[in-house]
There are 2 protein chains.
Amino acid sequence: MKNADHTNMLLHTDRPASQRKIVDILAAARTEFFANGFSATSIEAIAARACVSKVTVYSWFKNKENLFGEVVKTECSQMRKYFVVENLEGTELRDILISAAHGMLNFLMRDEMVRFERVLAAEVNRDPKIGEYFLDNGPRMLLGDLTNLLNAAIERGEIRSENVTESAEMFAGLTMGRMDLFLRYGHKVMMTEEDKKKRVNRAVDAWLTLHRV
Amino acid sequence: MKNADHTNMLLHTDRPASQRKIVDILAAARTEFFANGFSATSIEAIAARACVSKVTVYSWFKNKENLFGEVVKTECSQMRKYFVVENLEGTELRDILISAAHGMLNFLMRDEMVRFERVLAAEVNRDPKIGEYFLDNGPRMLLGDLTNLLNAAIERGEIRSENVTESAEMFAGLTMGRMDLFLRYGHKVMMTEEDKKKRVNRAVDAWLTLHRV
DNA sequence: ATCAAAATGTACGGTAGCGTTCAAATAAAA
DNA sequence: TTTTATTTGAACGCTACCGTACATTTTGAT
């Protein structure tokens, strides 16, 4: 194992080839882990998919558990890019919320995300820290952004709330309903863009009704 | 394998002892599967926990997959008992909803349930039918009961709704928020009975606000 | 007491995966 | 061209598990 932390190792290496291999390994590991889960995934399958020898995998990652952890880390760091809650200047609060709800819906409905959550949840028993890590970099961060956005709106006197955190959670609950649950257990949710719009509008209007001054 | 279907085999057996063994095996399998997931659970560990030989396990269940399926079936059939949505005669709608929300919260917050959902979700990739089976016997059934309850209330003119199914989903979404998500990823939710009451009241009042005539 | 179903222990063959070792090959940098 | 880090394949020891076979023992029913 040459380096345990791959987050900032773009500088200290003599040869650039290894960089590509690491990326390949992580990508392959991601695919395999998401498809089969932790236990049912073999290092050799990962190596094969990455077109790399098993020894190379072990030369960059301590062991299977460590590799899985790195995959989760990488995935979590990507999450922020996909779903951002923005407080756009000069935009109606309702439109901001609609945009946020759409973002949430699209983000969580992706097949990739659904599969990621499936696999991750299963590994929480084995390694609870990995669940915490995900929560910190995913849900908690998103709810935090949302809370900030709501606080700003409250400051401006546009809405009111006794408990902003709970209000943020309610927003997510109203938007998603039980859809994430149904997706997780394999129900194919067929939704046109029109359906999404309807659902989002309904959720936002409901939420605004509950929080109007 | 003496009998593949254990749901109605209380009659055709000569000896009652085997009945107890089957129950023991299922209980042990449940514990092991819920703790370690499908792949990481060994038949031998199950046999040991059930104080039974491995051969006995195989004499009653075809294989590991089949055993897991039976565990899920058993668990699903138990679910209805834990959480019932009742339309109590002569009870205020608000109280019925509060009771239902409490039932939902307590039901889904149980550590057992959280772990069951974790393991189950992970196996959906391997066997999608198992996810469908769970949805049919769990969430869909509960939402169905809830929908019936709401329809009755609408009939009585106590509330109104454009889309009852979505309203039922909203009820669940408002009550649970993102709590099920946080629980699934290992966040320890510390809630006193007082906290639960507050949350439930808040959700029910919000929902009623959205559906009053 | 007798009988047959049920359960056991042991052992087996087969497969698979983890993580390591090592000598040989490769490829970038000097 | 030489040097040095990196990569490779093949093999290894080890452990674990699946599912089966079989001879033996237990156990409930009649």
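Here is how names work: the chains are called A, B, and so on, in the same order as the sequence lines, proteins then strands, and each is numbered from 1. No hydrogens, no waters, no symmetry mates; every other heavy atom, side chains included, goes into these values.
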Handout entry: Heavy-atom side-chain contact between B:E169 and A:R199 under 4.5 Å
Key =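 Touching, per the 4.5 Å side-chain cut-off.
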
The side chain of [X] lies closest to which of these nucleotides: [options]?
{"X": "B:S42", "options": "D:dC17, C:dG17, C:dG9", "value": "D:dC17"}
{"X": "B:V55", "options": "D:dG9, C:dA7, C:dG9", "value": "C:dG9"}
{"X": "B:N63", "options": "C:dC18, D:dG19, C:dT8", "value": "D:dG19"}

To the nearest angstrom, how far is [X] atom [atom1] from [N] atom [atom2]?
{"X": "A:E32", "N": "C:dG17", "atom1": "CD", "atom2": "P", "answer": "11 Å"}
{"X": "A:I43", "N": "D:dT8", "atom1": "CD1", "atom2": "P", "answer": "15 Å"}
{"X": "A:K54", "N": "C:dC22", "atom1": "NZ", "atom2": "P", "answer": "16 Å"}
{"X": "A:Y58", "N": "C:dG19", "atom1": "OH", "atom2": "C1'", "answer": "5 Å"}
{"X": "A:E65", "N": "C:dG17", "atom1": "CD", "atom2": "P", "answer": "18 Å"}
{"X": "A:K64", "N": "D:dT15", "atom1": "NZ", "atom2": "C1'", "answer": "14 Å"}
{"X": "B:I46", "N": "D:dC17", "atom1": "CD1", "atom2": "P", "answer": "11 Å"}
{"X": "A:R20", "N": "C:dA27", "atom1": "CZ", "atom2": "C1'", "answer": "12 Å"}

Would you say [N] has OP1 or OP2 under 4.0 Å from some side-chain N or O of [X]?
{"X": "A:W60", "N": "D:dT6", "answer": "no"}
{"X": "B:T56", "N": "C:dA7", "answer": "no"}
{"X": "A:K21", "N": "D:dT8", "answer": "yes"}

Practice task
Return the orientation label for the A:F34 and A:F116 ring planes: parallel under 30°, perpendicular over 60°, tilted otherwise.
Solution key: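 Rings of A:F34 and A:F116: tilted, as their planes differ by 30° to 60°.
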
Practice task
Let me know, please, whether B:V52 or A:E44 comes out on the 5' side of the other along DNA chain C by nearest nucleotide.
Solution key: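 Here B:V52 is the residue nearer the 5' end.
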
Handout entry: A:R140 and A:E132 ion-paired at < 4.0 Å
Key =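 Salt bridge between A:R140 and A:E132, a charged N being under 4.0 Å from a carboxylate O: yes.
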
Handout entry: Ionic contact status for B:E193 with B:K196, cut-off 4.0 Å
Key =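 Yes, this pair counts.
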
Exercise for the section: Scan side-chain atoms only and decide if B:T56 and B:S53 contain a donor-acceptor pair under the 3.5 Å cut-off. Expected result: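 Side-chain D/A pair, B:T56 to B:S53: present.
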
Practice task
Under 4.0 Å between any heavy atoms, over every strand shown, what does B:S39 touch: base, sugar-phosphate, or nothing? Just pick one.
Solution key: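 Nothing: the residue B:S39, judged by heavy atoms under 4.0 Å, touches no strand.
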
